[in-house]
S.K.: 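Before I ask anything, let me first share the structure, which is written out below as structure tokens.
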Amino acid sequence: MTAALTAGLDRIPDQLGYLVISEDGVLASAGELENDEVTAGVMMQMVRTASRFRLSGVAEPPFKRMSVILEDFVYTVTVSGQKVFVVKRQNNQQEPISV
Amino acid sequence: MGCCYSSENETQEQRNERKPLIPHPDPVSKPPNGTDWITTSVPSAKTDEQALLTSILTKTAQNIIDVSAADSVMMEQHEYMDKARQYSTKLAVLSNSLPQRKALALPSLTSQPHQVLASDLVPYSDVQQISKIAAYAYSAISQIKVDAKEELVVQFAIP
């Protein structure tokens with residue numbers, strides 16, 4: 001079961017770690033995100049908040065993936081089959097983002 | 001069949017709930033400050049000018065809330081408390097009948113999570129553009145302010 005969920009996640013380019021989360025908690029984790037309950041909680045909240053945004057007249061959330069972009073790495077997050085998938089990937093883009 | 005705000009079956013309690021704190025003056029039965037409307041003394045053969053003036057007067061009366069007349073219906077302290085209690089009871093009853101709205105079920109964003117997560121990262125230029133737009137929007141929102149151009153309460157010069 002867990003193997004089916006995570007198969008392929010470790011082959012994602014520049015991945016540093018991943019999390020698979022359900023409503024009840026972390027189902028699988030690896031790399032820098034191994035057993036990282038705190039990040040799991042934050043990502044869960046962020047994706048819940050983001051998925052509440054709707055474009056008018058559209059029932060589904062208008063995105064497939066949420067990216068949390070930091071200087072050195074990016075968290076890419078998606079939801080499928082009531083499970084939240086988080087992959088931490090290296091950010092190889094040279095210029096820093098100034099906000 | 002009645003509409004949502006149908007008052008056919010309204011109880012006294014319900015009517016009391018919606019009673020405004022400052023009553024809207026009825027232009028016919030209760031003219032502000034007790035001034036008599038000209039309408040009552042206008043002869044039956046109205047001229048066009050008088051009709052126009054009357055309509056202006058009526059329109060004005062409909063658009064104002066007579067603050068000075070509201071003094072007479074000031075609520076006592078205990079009335080406020082009663083109203084507050086009445087509203088919170090009502091709210092408690094209503095919220096009990098609402099379905100439990102805890103964490104909403106997660107939406108499904110994709111059926112191929114691995115593919116979505118493995119695809120290229122958002123280009124730097126896109127992120128920069130979005131950051132810029134967000135900064136503009138933030139700046140615009142922070143500059144929204146109320147520009148008071150006229151007095152909220154005005155004195156009508158009644159001779």
Side-chain angles (χ1 to χ4, degrees), chain A residues 4-15 18-24 44-45 47-54 58-71 73-99, chain B residues 1-6 17-18 84 87-147:
Chain A
L5 281 178
T6 59
L9 286 181
D10 36 22
R11 287 200 300 275
I12 288 173
D14 304 318
Q15 70 95 10
Y18 61 77
L19 282 163
V20 182
I21 320 158
S22 78
E23 303 270 2
D24 306 316
M44 194 71 165
Q45 260 182 293
V47 80
R48 270 192 196 286
T49 305
S51 60
R52 284 209 299 269
F53 290 111
R54 293 294 142 90
V58 183
E60 292 303 305
F63 65 97
K64 288 184 177 174
R65 183 177 81 177
M66 179 179 83
S67 302
V68 182
I69 303 169
L70 292 104
E71 201 171 328
F73 51 86
V74 180
Y75 292 106
T76 59
V77 187
T78 193
V79 188
S80 185
Q82 294 297 300
K83 282 176 279 292
V84 177
F85 294 77
V86 182
V87 175
K88 185 175 178 178
R89 294 172 65 178
Q90 197 126 35
N91 190 4
N92 293 323
Q93 306 188 69
Q94 306 83 4
E95 293 153 280
I97 297 148
S98 56
V99 180
Chain B
M1 200 182 83
C3 68
C4 294
Y5 292 102
S6 171
E17 270 170 22
R18 299 202 193 108
Y87 290 151
S88 36
T89 316
K90 190 91 184 175
L91 280 174
V93 170
L94 288 175
S95 63
N96 279 342
S97 62
L98 284 174
Q100 279 301 310
R101 194 181 163 279
K102 60 167 185 85
L104 286 166
L106 286 164
S108 198
L109 301 182
T110 177
S111 54
Q112 293 145 320
H114 297 65
Q115 200 181 316
V116 164
L117 292 172
S119 59
D120 289 344
L121 295 177
V122 181
Y124 171 70
S125 57
D126 286 8
V127 177
Q128 201 177 33
Q129 190 178 6
I130 290 295
S131 303
K132 207 189 280 178
I133 292 168
Y136 284 149
Y138 176 78
S139 157
I141 288 169
S142 64
Q143 286 172 47
I144 293 175
K145 60 177 185 203
V146 176
D147 191 4

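Proteins come first, then strands; the chains are lettered A, B, ... in the order of their sequence lines, and each starts at number 1. Computed from a predicted model, the values in this text were never measured in an experiment.
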S.K.: Give, as side chain, backbone, both or neither, the part of A:T78 having an atom under 4.5 angstrom from any heavy atom of chain B.
M.R.: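 When you check distances to chain B, atoms from both the backbone and side chain of A:T78 fall under 4.5 Å.
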S.K.: Can you name the closest pair of heavy atoms from B:S108 and A:S80 and give their distance?
M.R.: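 Heavy atoms only, the tightest pair is OG-CA, 3.9 Å.
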S.K.: At a heavy-atom separation under 4.5 Å, does A:R11 approach chain B through its side chain, its backbone, both, or neither?
M.R.: neither
S.K.: Using side chain to side chain contact (heavy atoms under 4.5 Å, CB included) as the criterion, point out the one residue from B:V122, B:L117, B:V116 that pairs with A:T76.
M.R.: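 When B:V122, B:L117, B:V116 are each tested with A:T76, the side chain to side chain contact (heavy atoms under 4.5 Å, CB included) holds only for B:L117.
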S.K.: Does the side chain of A:M44 reach to within under 4.5 Å of the side chain of B:L106, using non-hydrogen atoms?
M.R.: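 Yes, their side chains come closer than 4.5 Å.
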S.K.: Name the member of B:A135, B:S119, B:A134 that forms the most heavy-atom pairs with chain A at distances under 4.5 Å.
M.R.: B:S119
S.K.: If you count heavy-atom pairs within less than 4.5 Å of chain B, which of A:V87, A:V47, A:L9 leads?
M.R.: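 Between A:V87, A:V47, A:L9, the count favours A:L9.
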S.K.: Do side-chain atoms of A:R65 reach the backbone of B:T110 as a donor and acceptor pair under 3.5 angstrom?
M.R.: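 Judged by distance alone, no pair lies under 3.5 Å.
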S.K.: Is it the case that atom CD in B:Q129 sees more than 12 heavy atoms from other parts of the structure closer than 6.0 Å?
M.R.: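 No, CD of B:Q129 has 12 or fewer neighbouring heavy atoms, counting only those of other groups under 6.0 Å.
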S.K.: Please classify the contact between A:F63 and chain B as side chain, backbone, both or neither, with a heavy-atom cut-off of under 4.5 Å.
M.R.: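 When you check distances to chain B, atoms from both the backbone and side chain of A:F63 fall under 4.5 Å.
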S.K.: Can you tell me how far apart NE2 (B:H114) and OG1 (A:T6) are? Round to the nearest 0.5 Å.
M.R.: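 Between atom NE2 of B:H114 and atom OG1 of A:T6 there are 6.5 Å.
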S.K.: Give me the atom names and distance for the closest heavy-atom approach of A:Q90 to B:L121.
M.R.: O-CD1, 3.7 Å
S.K.: What closest approach, in Å, do B:P107 and A:R54 show between heavy atoms, and which atom pair accounts for it?
M.R.: CB-NH2, 4.4 Å
